[in-house]
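Only one structure is covered here, and it is reproduced in the block below.
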Amino acid sequence: MAELFAELLGQAAAVRLLEAALVRQRLAPAYLFSGPDGVGRRLATLRFLEGVLSPAARCLDGDPALRRRLAQGNHPDLLWVEPTYSHQGQLVAVSKAAAEGVSRRNAPQLRLEQVREVSRFLARRPLEGHRCLVVLEGAEAMAEAAANALLKTLEEPGDGLLVLITAAPEQLLSTIRSRCQAIPFARLSPDQVQSVLATRLPQATQLPQAGPPGQGDGDATPGPLLELPDPPELADLAAGSPGALLAHRRQWQMLPAGLADRLLALGADPIEALHLARELSEQLDGEQQLWLLGWWQWALWRRQGRPEPLRRLERLRHQLRSYVQPRLAWEVALLELAPLLA
């Protein structure tokens, strides 16, 4: 593998296609990087754009200075667009939502005004390179009006280059997919997942000494690192994605101490079920409740292999996403689940 893509593990098919395009200098006006979250699509995008901006004779060699600029979003010919939340009359990107205290109950979107900005950016002259570059991350989150506007841009692409990153290409308009060069990304094997974490993020295989999973403070300053095993359900949830595994580990460490164990030990006592429902709704925000629900489903399947509790939890998931009062939804669900789990 060329130096440019040396860090991209487990994605041989995608690398072959991208290297061929760079070496032959036959670049499509638009690319669709599709595959699960956390398997290297964003890294591949950054490295591909690095190759596009490099001289043709050295397009696969890698350019550390250019790499740093792209990673920092500090290149005048690159526009990186994320789904946004609407918050107090402003659009807040997904990557900044938590830091700015934005409510994340509603799903983020790629909006019409963002796609219009993409069209204006692609139409202008590049300042340093030979073309303007745009990345649309989370392309499946496009609103209908935004998708129609993007289609018009793809019909007249000009000299720019557009990369769409998506985990759900089937949610895009077929006319958008047909105008993009598809670059497929696959889930990694368990060995490949561990290799990615060990080589690129060695600290990610370890947890702070502050406490075992379920007790750690995600913002605490780490002391000496101890290697602790993941709960097996985290690998199930990650499904071959190193990035997803890291995200699930963060969620696991943020849980209040003992809460997950109490879910697994749920018995027939209705008072305990009501107390637990209150704590779940008060101590966890909406995103954490939905994550814990997914973990509990996998844990129950591993322990019991029965579909009835899983179906009831899926109904609870729908209720939590439909703005049912969370405490009431948890109370009813736990009371109904108690006899199934006792």
State plainly whether the residues Glu331 and Arg327 are in salt-bridge range, i.e. N to O under 4.0 Å.
yes

Whether Ser241 side chain and Asp37 backbone form a donor-acceptor pair below 3.5 Å:
yes

Using atom types as modelled and distance alone, determine if a side-chain donor or acceptor of Gln325 lies under 3.5 Å from a backbone N or O of Leu328.
yes

Between Gln289 and Leu284, is there a donor-acceptor pair closer than 3.5 Å when you use the side chain of the first and the backbone of the second?
yes

With side-chain contact (heavy atoms from CB on, under 4.5 Å) as the test, would you mind laying out the steps for Leu27 and Phe48 before giving the verdict?
CA-CA 11 Å; Leu27 301 173; Phe48 178 55; 3.9 Å; yes

Can you tell me if Arg41 uses its side chain to pair, donor with acceptor, with the backbone of Gly35 under 3.5 Å?
yes

Under the salt bridge (Lys or Arg N to Asp or Glu O under 4.0 Å) test, residues paired with Glu113 that sit two or more places apart:
none

By the definition salt bridge (charged side-chain N to carboxylate O under 4.0 Å, His left out), identify the one residue from Glu7, Glu3, Glu19 that meets it with Arg47.
Glu7

Short side-chain to backbone donor-acceptor contact, Asp77 and Glu128, under 3.5 Å
yes

Run the salt-bridge test on Lys96 and Glu82 with the 4.0 Å N-O cut-off and return the result as yes or no.
no

Please name the pair of heavy atoms, one in Thr153 and one in Ser119, separated by the smallest distance, quoted to 0.1 Å.
OG1-OG, 2.5 Å

Got a sec, which residues hit side chain to side chain contact (heavy atoms under 4.5 Å, CB included) with Pro169, two or more places apart in sequence or on another chain?
Leu32, Ser34, Thr166, Arg177

Check: Arg69 side chain, Asn74 main-chain N or O, donor-acceptor pair, under 3.5 Å
yes

Do any pairs count as a ring-ring contact (aromatic ring centres under 6.0 Å, His included) and have a residue in residues 138-179, sequence neighbours left out, and if so which ones?
none

Contact summary for Pro184 and Leu17, nearest pair of heavy atoms:
CD-CD1, 3.8 Å

Output yes when a side-chain donor or acceptor of Arg262 lies under 3.5 Å from a complementary backbone atom of Gly258, and no otherwise.
no

Cation-aromatic face contact Arg250/Trp291, 6.0 Å, 45 degrees:
no

Could you go step by step and tell me if His87 and Gln90 meet the side-chain contact (heavy atoms from CB on, under 4.5 Å) rule?
CA-CA 5 Å; His87 178 67; Gln90 302 291 324; 5.6 Å; no

Would you check if the side chain of Arg67 reaches a backbone N or O of Glu50 as a donor-acceptor pair within less than 3.5 Å?
no

Quick one: do Leu266 and Leu274 end up in the same hydrophobic cluster if we chain Ile, Leu, Val, Met, Phe, Trp and Tyr together by side-chain heavy atoms under 4.5 Å apart?
no

Quick one: do Glu314 and Arg317 satisfy salt bridge (charged side-chain N to carboxylate O under 4.0 Å, His left out)? Show the steps, please.
CA-CA 5 Å; Glu314 201 56 40; Arg317 181 189 303 279; 3.3 Å; yes

Would you say Leu172 ends up clustered with Phe33 if hydrophobic residues are merged whenever their side chains have heavy atoms under 4.5 Å apart, either directly or through other cluster members?
no

Do you reckon Ile165 sits in the same ILVMFWY cluster as Val52, going by side-chain contacts under 4.5 Å, direct or chained?
yes

Does the plane of the ring in Trp296 sit parallel, tilted or perpendicular to the ring in Trp330? Use 30° and 60° as the thresholds.
parallel

Where is the tightest heavy-atom contact between Leu127 and Pro76, given as atom of each residue plus distance?
CD1-CB, 3.6 Å

Examine Leu264 and Leu316 and state if one hydrophobic cluster contains both, with Ile, Leu, Val, Met, Phe, Trp and Tyr joined whenever side-chain heavy atoms are less than 4.5 Å apart.
yes

Can any side-chain N or O of Gln25 pair as donor or acceptor with the backbone N or O of Leu22 at less than 3.5 Å?
yes

Side chains of Trp295 and Gln251: any donor to acceptor distance under 3.5 Å?
no

So, Arg306 side chain and Leu340 main chain: donor-acceptor pair closer than 3.5 Å or not?
yes

